[in-house]
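Inspection log for the structure reproduced underneath, given as structure tokens.
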Amino acid sequence: MPEKIKVVVNEDRCYLCSGCAAVCPTLAIEVHSSGWEFIQEKCISCRICINACPVGALSAEPLEVKE
Amino acid sequence: MNQMKYDAVIVGAGIAGPIITRNIARAGYSVLLIDKKWAIGMPKQCAEGISIKIFEKYDIPYDKRFINREIYGAKLYSPSGYELELRYKEVSGVILERKVFDKMLAYYATKAGADVLTRTEAVDVIRKDGKIVGIKAKHEDEPVEIYADIIVAADGVESTIARKAGINTYAPPHEFDSSYEYEMLIEGFDPDSIHIWFGNEIAPRGYVWVFPKDEDRANVGIGINSDNPRTAKYYLDKWLRENNIPAKKLLEINVGIVPVGGFVKELVKDNVLVVGDAARQVNPMHGGGMAEAMEAGTIASKWIVKALEEENLELLKNYTKEWWETDGKRLERVLKVRRVTEKLSDEDLDLFIQVLSGADAEKIAGGDYVEVIKALLKHPKVLLSPRRIKLLKELL
């Protein structure tokens with residue numbers, strides 16, 4: 001099982017190009033005209049979005065597991 | 001809650017959306033075009049080059065307000081610096097200004113009778129008794145329900161509405177390219193040609209381009225495989241540095257993902273159609289999708305109008321059929337070439353760029369390449385390499 005992650009955006013690098021939303025297999029990223037949105041419940045921690053970003057604006061943070 | 005009712009609603013005012021909207025409005029039906037952006041045409045995700053043929057073919061005025069520069073050919077460069085030139089006596093293409101072009105396409109749609117709403121984001125489809133009857137949207141902060149008999153998802157590479165409508169547009173990451181582009185001042189390149197550099201170190205699986213918009217101003221960009229651990233920006237900055245091209249006069253930065261690995265199979269589901277980048281209708285060889293969007297949009301709008309005239313939504317399925325029998329068939333051939341070119345080493349690229357003529361390259365890019373491949377198979381440097389023979393034979 002891959003490590004469960006939270007995808008975070010560096011807003012100063014992001015161009016809101018929607019590339020991450022396009023490659024996401026589960027619609028876990030939505031790009032609105034006003035901003036970038038991550039939907040944790042839908043994310044399957046595949047990291048495809050992180051590699052695909054043309055400017056490297058996305059990164060992963062380990063998801064805190066509730067004890 | 002603001003409610004609206006149209007014969008058709010089109011999501012996305014890029015290239016395909018406004019063309020479809022215009023064609024439906026011309027046939028006398030009520031149609032609304034929406035886009036989440038507040039200014040149509042920007043930001044663009046495009047190198048802005050297009051063939052001169054499209055203006056007549058798709059009935060678009062040749063308006064200098066959106067034509068930056070007329071182009072007479074192309075120059076291709078191999079990793080070791082071999083060059084291949086295509087040069088025409090007449091204008092063969094233009095470099096557009098998308099922020100004007102897209103807006104004008106939407107303007108032509110309004111002049112034909114359509115409504116257009118910007119900053120109107122499609123949020124979801126509206127279902128009633130299991131059928132899709134419209135879309136939920138947001139205009140600024142105001143929710144709107146747009147009811148329509150026919151819905152077109154021309155919503156770009158993320159294809160949110162197509163996917164929410166249940167059309168499978170998903171593709172794995174290696175079927176996309178990541179792109180990064182500067183509009184910048186650049187000197188030393190013939191401003192009447194477009195320029196393309198190939199090489200596995202320069203642009204893995206893709207290329208670097210210089211598309212002149214002026215004597216000394218150009219779109220300078222790159223596409224690479226999107227599952228590459230490094231970014232498109234990294235490779236473009238590296239290329240500029242290695243070629244001593246100063247990137248100090250930057251007028252624009254554009255970023256995007258390009259679907260280059262194949263096309264959506266089912267383009268229609270009940271009363272929802274998918275078109276353009278959302279349907280991955282892009283030339284897989286060069287990553288351009290404007291002409292492809294115009295063609296698909298023309299076919300889609302023809303069947304939308306027929307379906308409305310005959311009040312028979314079953315007719316919409318003919319869009320899938322006709323696209324696959326015509327442009328889809330052509331693009332499948334181009335995809336086959338692309339899959340072979342992906343495997344070329346830098347030495348192969350050097351050889352092919354050395355021995356091919358401009359006319360040959362054009363045939364290959366257009367999917368009409370059998371004679372060119374047959375001639376290449378007779379070249380001594382190919383005959384001596386079983387690997388090259390095998391690669392080329394994959395194309396026959």
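- For the set Ile50(A), Leu16(A), Asn51(A), Val31(A), the entry with the most heavy-atom pairs within less than 4.5 Å of chain B is Asn51(A).
- Highest contact tally toward chain B, considering only Ala52(A), Ala21(A), Ser34(A), Gly19(A), is held by Ala52(A) [criterion: heavy-atom pairs under 4.5 Å].
- In terms of heavy-atom pairs under 4.5 angstrom with chain B, the leader among Cys24(A), Ser18(A), Pro25(A) is Pro25(A).
- With Lys164(B) contributing its side chain and Val123(B) its backbone, the two residues share a donor-acceptor pair below 3.5 Å.
- Contacts between residues 37-48 of chain B and chain A, counted as heavy-atom pairs separated by less than 4.5 Å, involve Trp38(B), Gln45(B).
- Side-chain atoms of Asp177(B) and Ser226(B), non-hydrogen and from C-beta on, never get closer than 4.5 Å to each other.
- For the side chain to side chain donor-acceptor pair (under 3.5 Å) with Thr120(B), the lone residue among His139(B), Lys138(B), Lys36(B) that qualifies is His139(B).
- Looking at Ile48(A), the atoms closer than 4.5 Å to chain B (heavy atoms on both sides) all sit in the side chain, from C-beta outward.
- When side chains are defined from C-beta on, Val7(A) counts as touching Trp36(A), because their heavy atoms get closer than 4.5 Å.
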Tell me, with the steps shown, if Lys99(B) and Glu252(B) meet salt bridge (Lys or Arg N to Asp or Glu O under 4.0 Å). CA-CA 12 Å; Lys99(B) 62 172 73 76; Glu252(B) 232 180 76; 2.7 Å; yes
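- Proximity to chain A is absent for every atom of Ser159(B), based on heavy atoms less than 4.5 angstrom apart.
- Other residues, nucleotides and ligands place no more than 12 heavy atoms under 6.0 Å from the NZ atom of Lys249(B).
- With chain B as the partner, the residue from Ser33(A), Cys20(A), Pro54(A), Ala22(A) showing the most heavy-atom pairs under 4.5 Å is Pro54(A).
- Nearest approach of Lys42(A) to Thr26(A), heavy atoms of both residues: O-OG1, 2.9 Å.
- Both the backbone and the side chain of Ile253(B) come within less than 4.5 Å of a heavy atom in chain A.
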Going through the checks in order, is the salt bridge (Lys or Arg N to Asp or Glu O under 4.0 Å) test met by Lys213(B) and Glu181(B)? CA-CA 13 Å; Lys213(B) 296 178 86 164; Glu181(B) 176 182 78; over 6 Å; no
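- Checking side-chain atoms of Asp155(B) against main-chain N and O of Thr160(B) turns up a donor-acceptor pair under 3.5 Å.
- The most heavy-atom pairs under 4.5 Å with chain A, out of Glu121(B), Arg119(B), Lys233(B), Glu175(B), come from Glu121(B).
- Heavy atoms closer than 4.5 Å to chain B are found nowhere in Cys49(A), neither backbone nor side chain.
- No more than 12 heavy atoms of other residues, nucleotides or ligands sit less than 6.0 Å from atom CD of Glu201(B).
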